[in-house]
Amino acid sequence: MTAQILDGKALADELRASFKARVAALTQKGHRPGLVVILVGEDPASQVYVRNKVSACEAAGLYSEKIVYPADVAPAVVLQKIAELNAAPNIHGILVQLPLPPHFDEKAVLEAISAAKDVDGFHAENVGALAQGNPRFIPCTPYGVVKLLEKSGIELAGKEAVVIGRSNIVGKPMALLLLNAGATVTVCHSRTRDLAFHTRRADVLVAAIGKPRFVTAEMVKPGAVVIDVGINRLPPEAGGKLCGDVDFEGVKEVARALTPVPGGVGPMTITMLLANTIEAAEREAGR
Ligand code: NAD
C-alpha cells in the first residue's frame with residue numbers, strides 16, 4: 001500500500017484565497033483585521049516563524065506588525081505593551097512567539113493577552129472553552145490538523161485516535177479536538193510504557209514529539225491515517241534538511257494517508273492563525 005499524501009500546502013493555499021473576500025469586506029467597513037506578533041530575543045527558528053506569520057498576513061490583506069525586544073528586556077515592558085494592544089481598536093490578534101527567555105513567566109504573559117484577542121488559543125479561558133467542547137479560539141496547529149482531516153474526508157467519529165505528545169501547544173489541544181470530534185483518544189508521552197502497543201491500535205495517529213523519524217512503519221497499524229506535526233532540522237552531516245517525527249519513506253508503505261514534512265501541517269498552522277485573526281475581527285465588527 002502507498003499512502004495518499006495529505007497536501008497541507010494545497011489546502012492552505014485554497015483557504016487563504018477564500019479569506020480575501022472576508023478581509024476585503026471587513027476592511028471596507030473599517031475593520032481591517034490586524035495582528036501583532038511579539039518576539040523576544042534572537043532565536044533563529046522563532047525569527048523565521050515570525051517572519052512567515054507577518055508575510056502571510058500581508059499576502060492575505062491583513063494589517064500586521066512585528067514588535068521585537070532584546071532577550072534581556074524586562075517582562076514589565078512586554079506586559080505594558082500587551083496592555084496597550086489589548087485596548088487598541090485596530091488590533092484583533094496578539095501573539096507572543098514562544099519560547100520566551102527563562103526570566104519570563106510564560107503563563108503570566110499568555111494570561112495578560114485579552115482572551116478576545118488570543119488568536120493562538122493559549123489563554124486559560126480559551127483552553128477551558130475548548131475543553132468544554134465549545135471552542136472560541138483553537139490553537140492553530142491542531143486546528144490545522146483537524147481542518148486537513150475534515151477536508152480530506154477522514155471521518156473521526158468512533159475511530160481510535162492516538163496522539164504522541166502532551167504539550168499545551170499541540171498534544172493536549174489536539175487530543176481535545178479529536179475527542180470533541182467523537183474519536184476515542186489516547187494521549188502518549190515521554191513516560192508512556194510500550195508506546196508501540198498504543199500506536200499500533202491507532203486508526204488516526206498524530207505525532208507531535210520533536211524527534212526526527214521517531215515513528216517507524218512497525219509502530220503503525222496498516223491502513224492508519226498518520227499526521228506528522230514534527231519539524232526537525234537534520235544535522236549538516238545528514239543533509240541539514242527539514243524532517244518530521246515520522247519516518248516518511250517507511251510509513252508511507254503502511255499507512256492509508258500521511259502528511260509530508262514540509263508541506264503538511266506546517267502551512268496549515270499559519271493559515272489557521274489568519275483564520276482566527278479574521279474571525280476575531282468579524283466578532284468585533286459584529287458587536
Ligand atoms: P514539546 O517538546 O513541548 O513536546 C513534545 C512532547 O513529546 C512531550 O509531551 C513529550 O512527552 C513527548 N515525547 C518526547 N519524547 C517522547 C518519547 N520518547 N516517547 C513518547 N513521547 C515523547 O514539543 P511541541 O511544541 O509539542 O512540538 C512537537 C513537535 O512539533 C516539534 O517538532 C515542533 O517543532 C513541532 N511543531 C510543529 C508545528 C507546525 O506548525 N507544524 C507547530 C508547533 C510545533
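In what follows, every heavy atom counts, from backbone to side chain, and hydrogens, waters and symmetry copies are set aside. Just follow the structure's listing: the first ligand is 1, and inside any ligand the first atom is 1.
Between M268 atom CE and L149 atom CG the span is 9.5 Å, to the nearest 0.5 Å. I169 contributes atom CD1, which lies 5.5 Å from atom OG of S167 (distance to the nearest 0.5 angstrom). Here the straight-line distance linking atom CD1 of I227 with atom CG of L6 works out to 5.5 Å at 0.5 Å rounding. Atom CZ of F19 and atom CG of L62 lie 9.5 Å apart (nearest 0.5 Å).
Shown in contact with T269 at under 4.0 Å from a heavy atom are these atoms of ligand 1, numbered in order with element: 39 (C), 40 (O). Within the listing of ligand 1, atoms 20 (C), 21 (N) sit less than 4.0 angstrom from a heavy atom of I164. Near V265, with a cut-off below 4.0 Å to any heavy atom, the atoms of ligand 1 are 41 (N).
Classification of E125 and R136 as a salt-bridged pair holds, one side-chain N sitting under 4.0 Å from a carboxylate O. The pair K107-E111 fails the salt-bridge criterion, with no side-chain N (NZ, NE, NH1 or NH2) lying under 4.0 Å from an Asp/Glu carboxylate O.
Protein heavy atom closest to atom 14 (C) of ligand 1, with residue, atom name and distance, is I209 CG2, 3.6 Å. When only non-hydrogen protein atoms are considered, atom 44 (C) of ligand 1 lies nearest to V170 CG2, 3.9 Å. Among all non-hydrogen protein atoms, the one lying nearest atom 42 (C) of ligand 1 is T141 OG1, 3.2 Å. Of all protein heavy atoms, the one lying nearest to atom 8 (C) of ligand 1 is R166 N, 4.0 Å. The nearest heavy-atom contact from the protein to atom 18 (N) of ligand 1 is F214 CZ, 3.4 Å. Counting protein heavy atoms only, atom 31 (C) of ligand 1 is closest to G210 CA, 3.6 Å. For atom 33 (C) of ligand 1, the nearest protein heavy atom (residue, atom name, distance) is I231 N, 4.1 Å. The closest protein non-hydrogen atom to atom 20 (C) of ligand 1 is H189 O, 3.2 Å.
At a 3.5 angstrom cut-off on N or O pairs, D245 does not count as close to ligand 1.
V229 counts as a contact of ligand 1, since one of its heavy atoms falls under 4.0 Å from the ligand. Residue G266 places a heavy atom less than 4.0 Å from ligand 1.
Put simply, the side chain of H103 gets close to the backbone of V73: a donor and an acceptor are under 3.5 Å apart.
Heavy atoms from other residues, nucleotides or ligands lying under 6.0 Å from CD of E84 number more than 12.
For D203, the salt bridge (Lys or Arg N to Asp or Glu O under 4.0 Å) criterion is met by K221, not counting sequence neighbours.
Remark: among candidates A208, G264, S167, the nearest residue to atom 6 (C) of ligand 1 is A208, based on non-hydrogen atoms.
Taking both residues in full, the closest heavy atoms of A257 and I154 are given as CB-CD1, 4.4 Å, listed atom of the first, atom of the second, then distance.
Only side-chain heavy atoms of K211 come within less than 4.0 Å of ligand 1; its backbone N, CA, C and O stay farther off. Of all the heavy atoms of N232, the ones lying under 4.0 Å from any atom of ligand 1 belong exclusively to the side chain.
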- Begin with the C-alpha distance, continue with both residues' side-chain angles, and end with the deciding distance and a verdict on salt bridge (Lys or Arg N to Asp or Glu O under 4.0 Å) for E155 and K159. CA-CA 8 Å; E155 180 60 48; K159 296 288 170 61; over 6 Å; no

